[in-house]
Amino acid sequence: MDSDEDLARKLQAQFDEEERLAREQEHGDAIFAQTLASQSHDLSESEEEVVEVNRDEEVPVREVVDLDSDVEDVGKDEGSSPQKMGSASKTVPQHTISDDETDIEDFEADRKSSSNSPVINEQRNSHNKESSPKKSSAPEHTLSDDETDIEDMEIPAETSKKKSAEENHQTETKNTAKQIDESLTRMRSEHSLSDDDTNTEELVSSSEVPEPPKTEKDEKSSSSSGNQQTPLKKNGSKEEANSSKKRPLCKFGADCYRKNPWHLEEFYHPHLEDKDGAGAKRKSESSCSASEPAEKRRREASSGSTMRKGSTSNRNMAFPARLAASSPFNFFVNKSFSVKETHEDPLSLVFPDLFNPQLGEIVESVQLNFMVDLEFLMTNYKAGKADSKPLLVMYGQMEGNPRDYTDVTCTKVNLPFQYGTHHTKMMIFQYTDSLRVVIHTANLVPNDWYEKTQGYWVSPAFPLLEGGKAGLLDGESPTRFKRDLVDYLASYKAPDLTRWTHIIKKYDFTSCNTVFVGSTPGYHAGEHKDKWGHMKARRAIRQHGGTWTSSVPIIAQCSSIGSLGKDAKSWLSGELGMSLTGAPGVCASAPKVNVIYPSEDDVCNSSEGWMGGSCLPYNSGTHAKQTWLTECMHCWRSDRRKRTRVMPHIKTYTRLNKSQSSAQFFLLTSANISKAAWGTLQKQNTQLFIRSYEAGILLLPKFLIDATEFPLSAKDLSLPYDVPLTPYPNGATPWFMNTDKSRPDIFGRTYP
C-alpha cells in the first residue's frame, strides 16, 4: 500500500498534463481579459493627492463605482489609446480581476471621450447583456478553475459524430465505477479541495458527490440528451434506469480539462475511457487510499504537529496539524495552481483547508471582502459542508445572485468618501464551542486563490468564556485584539455586524498574540486618531516594537500604488515610513522606504505571462507625477519559496536589521501603498483622514517570542519574498496596466 506521501506525488503527476491544458485555454482569453482589466481594476479604490479638509466642510459623497456594470465610466490614462478587443476572445467577468489601488482621478478627464468610444460602447452593451438579473449563471472564467460552468453545457456536434448514442451508453456503463473512484481520488488531491484531509471513506460509503444547483438550461439539456448514464448503488452495481437522471455529453469533448467532481458526475466524458491502463491504476490507488483506516490518518496528522516548524515533511500533514506547527506566527501563503512547486510549501493552503472539520463544526460565519464571486464562495462552502449554515457577506462588488442561496445574507458596503473602497479581507467562523478569525489579502474570486501570491493569518481557536461571560474586557489579550476587532466591526454601523460584535464578546481571546490594524473611513481626531491606519501601527510599534535606528529602511511590498506626492517626504517616508518606525511624529530624519512591486519584466516572465499583471493596477499617469519612486523600487523575487513567477497580490510591511537576519515587526494587511488605505495627517497632524476600509495584523516579537526581533528562517518568520532585495536594473520600468506591450510574453502574446 502506498503511503500518503507517495500517493500525493502520483496524483500530482497524473494532473500535470491537465494543468498544462488548463493554462493553454485560460491564456487563450488573455487579450480580452487584460483589456477589461486595464479599464476596470479597482478604479473605485484609488485616490489622487488629497487637499486638507476641515471637519466642518461639506465633503462630496458618492457610492463606490459599480465596476461590474458601469464599464463605460472608466476612461483611459493620459496619452493612452483605447484598448483593442479580440473579436474571438471569450468574455471574462470583471470580478476575475483582483483588486487594489489605481488612481481614478487620472481617468476623470478622459471619461466623456472614452464613454463615446465605439469600442467602449460595444463592451458596455455586451456586458449589460451578460449581467442581466434574469439569470445567475456560473461566471465563464470558472471554466479555467475548479468550478465548472454547467448552465451552457450542450452536446457538441463533432463529439456526437464520433460515437453513437448506443456506443456512449455501453462505454459509460463499463467505466462508471472507474469514474466514481477517479472523482474520489481527484477530490482528495484536487486544488479546489483540501489536499490533505478529505475523508475518502465517507465518500466511498455514500458513493455520492454533491451536485451544484441546476438551472433551467441544465434540466433542459439533461432531459433532451441521448447519452444516458445509469446510476450506481453503493456497491457499484446498476440501479434501475431513471431517464431523468441520465447524463449528457460534456460539450468540451476531449479538450475538457475540468477536474471538479460535480462536473464529472453531471456530464459524460468518453475521452476518459481507459485505453492505456492509467485509469485502472488511478482506481487502484484510490481504493488503497479509501481503505486506509481513518483513525490511522488522524493519528498521523496529529503526530505531525510535533514536527519542527517549517520542515519539508510537514507538507503532507493535515491542515490543522500544519496550523499548529506554524505557531506562533500562523502565517500562510496560498498554493499556485500553475506552479506546482508551491504545493510543497508546508506553510501554504487552499481555500477548503479553512473548512477542515478538525478545526471545528461551523455554526455560522461572516465574510468581509471587496470582490465576491458568490458561486465560487459557495462552492467552497459546499465542499466544506457549511453551505447550509448562516453566512453574512459584506462586500464591495459582487457577481452572482444571493437569492440562489437561502442561508446567505449579502450586504453592500457603501463608502462615505469619493475614491474609497471596502477593501478588507476577513473571515470569522463561529464553531459550536469556539471562534476563529482569518485576515488575508485575497478577493473571493478563483484567480486570486489559484494564480496570485496571497497571504493569510489564521488565528487559533478562541474558546467560549467561562460562566457565560460576554464582556468586552473579559478574555482580552495583551495586544487588545478583541477590543480593536469589535471597534472595527462597530464602525460599519451595520445591524448585522453589530450582532457579530455581541457574538465576539462571548469568546476568550487571551491566546491572541497579534495586533489588529484596521482602517475605517472618516476624520479621526483626538483619542481616535491613533486607533486607525498608519497611526495605529505607529502607536503599537512605538510601545512594543523596541528601538531601532532610523537609518534602517522600511520594506513595503504591495500590489498597487496611489499618488504619494512630489517626493518621498511628502507622505511615503514622512508619514507611513515614520509610523512604521514607531516614531512619535513627523521629523526630518524619516527612514527610506524600499518598495517591492513587480517590474514589467517580472510580469512578462510570470506563470501567466502578461495576464499576471491583472492584479497590479498601477498606471503610467500616476507614475509620471512621482518618478522619484523608481529609485525606491525593487523586483518581485521569491526563489526561496518558489513564487517568483507567481505575481503578488499580497501586501506586507517589515523592517529588517542591517544584516537582514531578523525583523523588528511583520505586518500583513489588505492595505496597499496609498493615502486612501492608510490615511493622511491633516490640520497640523491633529487629524487623520481615511477613505477606505482595510484590515491587517501586526506581528511583534514581544508578544510572539518575548524578544525584541524575529529571526528570519523557515522555522521562524518566513518572508514571502527573498532578501536581500533586488533593485530594478538600469532601464527597468514598473508594471503599468494601461500601457501597450509589443514584445511577446512567455506564451508569445502581446498586451493587451
Student check: side-chain heavy atoms of Phe509 and Ser511 closer than 4.5 Å: no
Salt bridge or not for Asp474 and Lys482, using N-O below 4.0 Å? no
Any side-chain heavy atom of Glu575 within less than 4.5 Å of one from Thr680? yes
Side chains of Ile504 and Ile428, heavy atoms from C-beta outward: is any pair under 4.5 Å? yes
How long is the gap from CE on Met535 to NZ on Lys531, to the nearest 0.5 Å? 14.0 Å
Could you tell me if the side chain of Cys604 sits less than 4.5 Å from the side chain of Trp610, heavy atoms only? yes
If only side-chain N and O atoms count, and only distance matters, is there a donor-acceptor pair under 3.5 Å linking Arg436 with Tyr431? yes
Closest non-hydrogen atom pair between Pro598 and Val603, with its separation: CB-CG2, 4.2 Å
Does one side chain, of Ser607 or Arg645, offer a donor that lies under 3.5 Å from an acceptor on the other? no
Does a donor on one side chain and an acceptor on the other come within less than 3.5 Å for Ser661 and Asn657? yes
Between Arg322 and Asp353, does any NZ, NE, NH1 or NH2 come within less than 4.0 Å of an OD or OE carboxylate oxygen? yes
Side chains of Cys635 and Tyr728: closer than 4.5 Å at any heavy-atom pair? yes
Looking only at heavy atoms, the pair that brings Ser336 and Glu451 closest together is OG-OE1, 3.8 Å
With rounding to the nearest 0.5 angstrom, report the CE to OH distance, Met371 to Tyr395. 13.5 Å
Is Asp530 paired with Lys536 through a side-chain N to carboxylate O contact shorter than 4.0 Å? no
After noting the C-alpha distance and the side-chain angles of Ile697 and Leu667, does the key distance pass the side-chain contact (heavy atoms from CB on, under 4.5 Å) rule? CA-CA 6 Å; Ile697 52 99; Leu667 175 58; 5.9 Å; no
Is any side-chain heavy atom of Ser559 less than 4.5 Å from a side-chain heavy atom of Asn672? yes
Atom pair CG/OG1 of Leu698 and Thr514 - distance to nearest 0.5 Å: 8.5 Å
Ring-ring centroid check Trp735 Trp636, cutoff 6.0 Å: no
Looking at Pro720 and Ser638, what are the two nearest heavy atoms and their distance? O-OG, 2.7 Å
Between the side chains of Glu694 and Thr424, is a donor N or O closer than 3.5 angstrom to an acceptor N or O? no
Quickly, which of Asn443, Val413, Val445 forms a side-chain contact (heavy atoms from CB on, under 4.5 Å) with Phe370? Name it, please. Asn443
Ring centroids only, cut at 6.0 angstrom: are Phe351 and Trp449 within range, meaning strictly under it? yes
Testing the 3.5 Å rule here: is there a donor-acceptor pair between the side chains of His524 and Lys529? no
Would you say Ser599 and Asp601 are linked by a side-chain donor-acceptor pair, where the criterion is simply a distance under 3.5 Å? no
Using the rule given for ring pair (Phe, Tyr, Trp, His ring centres under 6.0 Å), can you reason through Trp678 versus Trp532, listing the C-alpha separation, both sets of side-chain angles and the distance that settles it, and then say yes or no? CA-CA 8 Å; Trp678 284 105; Trp532 310 109; over 10 Å; no
What class does the angle between the rings of Tyr488 and Tyr693 fall in, given that below 30° is parallel, 30 to 60° is tilted and above 60° is perpendicular? perpendicular
Does Lys452 pair with Glu608 as a salt bridge, N-O distance under 4.0 Å? yes
Is it the case that the ring center of Phe429 lies less than 6.0 angstrom away from the ring center of Phe355? yes
For Tyr653 and Phe665, I'd like to know if the aromatic rings sit close, meaning centre-to-centre distance below 6.0 Å. no
Of all heavy-atom pairs between Phe481 and Cys512, which one has the smallest distance, and what is that distance? CG-SG, 3.4 Å
So with a 6.0 Å cut-off around CD of Glu341, is the heavy-atom count from everything else above 12? yes
Pair Glu344 + Lys642: basic N to acidic O under 4.0 Å: no
Test applied, side-chain contact (heavy atoms from CB on, under 4.5 Å); reference residue, Leu368; option that passes from Leu497, Ile439, Leu444: Leu497
Indicate yes or no: does Arg641 engage Asp345 in a salt bridge with an N to O separation below 4.0 Å. yes
For Cys632 against Val593, the heavy-atom pair lying closest together: CB-O, 3.4 Å
Would you say Glu709 and Ser662 are linked by a side-chain donor-acceptor pair, where the criterion is simply a distance under 3.5 Å? yes
Atom OG1 of Thr733 and atom CZ of Phe736: how far apart are they, to the nearest 0.5 Å? 6.0 Å
Between Thr453 and Asn334: side-chain donor-acceptor atoms closer than 3.5 Å: no
Go through the side-chain N and O atoms of Gln454 and His440 and say whether any donor and acceptor fall under 3.5 Å apart. no
Check the pair Phe417 / Tyr523 against ring pair (Phe, Tyr, Trp, His ring centres under 6.0 Å), numbers first and verdict last. CA-CA 11 Å; Phe417 303 111; Tyr523 297 96; 5.4 Å; yes
Looking only at heavy atoms, what is the nearest atom pair of Ala583 and Arg542, with distance? O-NH1, 3.9 Å
Relative to each other, are the rings of Tyr618 and His623 parallel, tilted or perpendicular (30° and 60° limits)? perpendicular
Roughly how far, to the nearest 0.5 Å, is CD of Gln358 from CZ of Phe319? 11.5 Å
Counting C-beta onward and ignoring hydrogens, is there a side-chain heavy-atom pair between Ile561 and Leu629 closer than 4.5 Å? yes
Looking at CG of Leu699 and OG1 of Thr652, how far apart are the two atoms once the value is rounded to the nearest 0.5 Å? 11.0 Å
